[in-house]
Amino acid sequence: MDLIHGLGFKGNENIPEDRLSDSEGLQNNMGNFKGHALPGSFFLIAGLWWTVKYSLWYATRRNKSAGAGRIATRALQHRLEIIEGAVILSFSVIGILGEQLATGGPKFHLYDSSTQHWDKLMNWQHTTMYLFFALAGVTSLTVHSTDGAPLALDRLLLGLAFFNEGFLFLYHLHGRDMLDVHVHMLLLYAVFGGAIICFLEVFHRGNILLELLRAALCVLQGSWFWQIAFVLYPPSEVQWDLSDHNNMMFITMCYSWHLAFALLTVAVAHTIVLCAVRSKLRRMPPMEMGLLKPREREGDSEDEFF
């Protein structure tokens, strides 16, 4: 990340003084480094978690043996789905509180009557993004802890959360500098891509290609949020020239590097999980596998519904 931060920009001395002051004022009013790094970290963790989880489910489904059923039983999958929903809800609540209560946050005040202006709408847009992911977490908890909701509803709400994120960012860019708009527009490819994948999973649940693609796009979102933070709010004194076309060309190429990084990360994690499961099955004594209870053996045929 330091390499990416250190390339492709021009220092303050190359930017007109009035242009620089306007840009800095806009950035101070419209976000900060932590506001992009926090969701970036959340998406990175989610993408890596989905990669490991779905790779484990896939590996156990491929190995139709009692031993594979014991590695990832239906009960284990059920518990992990509930934990995942709780974690998504917790991350979303942390994000909402961070946006609202951190220094300079609106403190849940939407309108400033003294100035007759909306109060810190940037934070409120980020809060709304977290709100929809919180709804997705609540839905996942409901689906996997009760019998009162259709199973596909968790994917539908997750897809709506991604769509809402992209919808907010699409109208998040009015009056911004050229490079600022460009980095956010690039983010939308990953966001809307994730939404489309989730909607496809409503009808094609358990498809490993869709699941891993969703994980890769989530990793891409996470790493790109961090990239946006370094571009718009660099921790060093050297600022990017947000109107330089060469910087736009570099950032576009940089996005391709992030995509390659996300695909490589998912591929490596998937391979490691497959190898670990195979190694575990080879070490499992045949007698132990033969003594498994019928209920545990039946878990394999039911795994695909999760």
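- A salt bridge does not link Arg205 to Glu211: none of the charged side-chain nitrogens sits closer than 4.0 Å to a carboxylate oxygen.
- Within the 3.5 Å criterion, the main-chain N or O of Asp180 finds no donor-acceptor partner in the side chain of Asp177.
- Pairing each heavy atom of Gly47 with each of Ala215, the nearest pair is O-CB, 3.5 Å.
- With ring centers used as reference points, Phe91 lies 6.0 Å or more from Tyr130.
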May I have the step-by-step check of side-chain contact (heavy atoms from CB on, under 4.5 Å) for His270 and Leu212, ending in yes or no?
CA-CA 9 Å; His270 179 68; Leu212 292 182; 3.8 Å; yes
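- Checked against the 6.0 Å centroid threshold, Tyr171 and Phe167 count as a close aromatic pair.
- Atom OH of Tyr189 is surrounded by 12 or fewer heavy atoms from other residues, nucleotides or ligands within 6.0 Å.
- For the 3.5 Å distance criterion, the side chains of Ser140 and Glu84 fail to qualify, holding no donor opposite an acceptor.
- For His36 and Phe230, the gap between ring centers reaches or exceeds 6.0 Å.
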May I have the step-by-step check of side-chain contact (heavy atoms from CB on, under 4.5 Å) for His182 and Met178, ending in yes or no?
CA-CA 6 Å; His182 189 57; Met178 180 176 63; 5.7 Å; no
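- Aromatic rings of Phe133 and Phe162 (six-membered ring for Trp) have centroids within the 6.0 Å cut-off, being under it.
- No option in Phe250, Phe261, Trp224 other than Trp224 meets the ring-ring contact (aromatic ring centres under 6.0 Å, His included) test with Tyr255.
- Here His258 contributes atom NE2 and Gln221 contributes atom CD; the two are 13.0 Å apart, rounded to the nearest 0.5 Å.
- His109 contributes a side-chain N or O that, together with a main-chain N or O of Lys107, makes up a donor-acceptor pair within less than 3.5 Å.
- For Ile272, the side chain to side chain contact (heavy atoms under 4.5 Å, CB included) criterion is met by Val268, not counting sequence neighbours.
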Evaluate the criterion salt bridge (Lys or Arg N to Asp or Glu O under 4.0 Å) for residue pair Glu99 and Lys120; output intermediate values, then yes/no.
CA-CA 10 Å; Glu99 289 290 338; Lys120 297 180 174 61; over 6 Å; no
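- For Phe169, the CZ atom counts as densely surrounded, since its 6.0 Å shell holds more than 12 non-hydrogen atoms of other residues, nucleotides or ligands.
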